[in-house]
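Working notes, structure below.
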Amino acid sequence: MGLDSEILADLRQLLSEHGVMAQWNGIDLLVLVSRVRRDQQIDLGGFVDSPDLSLRVPKSAFPAELPKFGERIEVEGEEYRIVQVSSHPRSPLLTLSLSTTDE
C-alpha cells in the first residue's frame with residue numbers, strides 16, 4: 001500500500017468517527033474540521049463574531065472541479081466563505097480554510 005493510500009485510509013477512518021456534514025455546490029461532503037478559532041472584530045455597533053476554521057476532505061469527494069477561493073460552503077448548517085484552498089499534487093487531501101461570509 002502506497003503512502004497516498006495510507007493517508008486516505010486514515011482520513012476515511014477519522015471521517016467515520018469525527019466527520020461533520022458540509023455542502024458545496026449541491027454536493028454533500030463528509031469533512032474533518034482540523035482547526036477552529038472564533039475571534040471577534042470591531043464593527044459598526046460593537047463586536048461581531050469572526051469564525052475561522054479549516055476542513056480536510058479527500059479530493060476524490062469532488063466529481064469534477066475543486067472548490068475555489070471566494071466560493072461559499074455550508075458546514076453543519078452555517079455558511080462560510082472559502083479563503084484558501086491548499087492542494088499538494090501528490091496528496092489525496094484537500095485543505096479548505098474558511099471564514100465568515102461577511103468579510
Side-chain angles (χ1 to χ4, degrees):
M1 181 185 285
L3 182 59
D4 287 359
S5 299
E6 287 182 37
I7 291 170
L8 200 51
D10 289 344
L11 179 64
R12 288 203 170 115
Q13 178 68 33
L14 285 168
L15 286 170
S16 70
E17 294 172 11
H18 306 286
V20 297
M21 291 305 301
Q23 188 174 51
W24 171 79
N25 281 356
I27 300 170
D28 290 327
L29 303 167
L30 189 59
V31 301
L32 187 65
V33 177
S34 59
R35 184 192 68 198
V36 178
R37 191 177 76 208
R38 213 174 255 293
D39 293 331
Q40 288 194 329
Q41 293 182 319
I42 190 78
D43 201 351
L44 291 175
F47 289 96
V48 294
D49 283 337
S50 177
D52 178 19
L53 62 141
S54 293
L55 307 177
R56 301 267 178 157
V57 61
K59 289 180 189 174
S60 59
F62 303 98
E65 56 187 65
L66 299 176
K68 295 178 182 63
F69 173 82
E71 292 181 334
R72 307 292 171 122
I73 187 168
E74 187 177 297
V75 180
E76 292 192 312
E78 259 189 83
E79 191 173 78
Y80 297 91
R81 184 174 57 90
I82 299 171
V83 294
Q84 184 177 11
V85 178
S86 301
S87 173
H88 190 279
R90 293 182 299 202
S91 174
L93 309 179
L94 185 68
T95 302
L96 302 174
S97 297
L98 311 179
S99 187
T100 180
T101 57
D102 299 332
E103 295 177 0

Show me the donor-acceptor pairs within less than 3.5 Å that the side chains of residues 19-28 make with the rest of the protein, sequence neighbours left out.
residue, atom, partner, partner atom, Å
Q23, NE2, D28, OD1, 3.2
W24, NE1, E71, OE1, 3.0

Next item on the list: Check whether any side-chain N or O of S16 sits under 3.5 Å from a backbone N or O of Q13 as a donor-acceptor pair, and report yes or no.
Entry: yes
Notebook entry, point to check: Taking the side chain from K59 and the backbone from S91, do they hold a donor-acceptor pair closer than 3.5 Å?
Noted result: yes
Note to self: According to side chain to side chain contact (heavy atoms under 4.5 Å, CB included), who are the partners of S60, at least two apart in sequence or on a separate chain?
What the structure shows: R12, P58
Closest non-hydrogen atom pair between [X] and [Y], with its separation:
| X | Y | result |
| --- | --- | --- |
| L94 | S87 | CD1-CB, 3.5 Å |
| P63 | A61 | CD-O, 3.5 Å |
| Y80 | L53 | CE2-CD2, 3.3 Å |
| L15 | L30 | CD2-O, 3.4 Å |

Item checked: Beyond-backbone contact of H18 with L32, side-chain heavy atoms, under 4.5 angstrom -> yes
Note to self: Do T95 and L55 have side chains that approach each other closer than 4.5 Å (heavy atoms only, starting at C-beta)?
What the structure shows: no
Next item on the list: Mind running side chain to side chain contact (heavy atoms under 4.5 Å, CB included) on F62 and L29 for me, showing each step along the way?
Entry: CA-CA 9 Å; F62 303 98; L29 303 167; 3.8 Å; yes
Next item on the list: Go through the steps to decide whether I82 and L98 satisfy the test side chain to side chain contact (heavy atoms under 4.5 Å, CB included), and finish with yes or no.
Entry: CA-CA 5 Å; I82 299 171; L98 311 179; 3.7 Å; yes
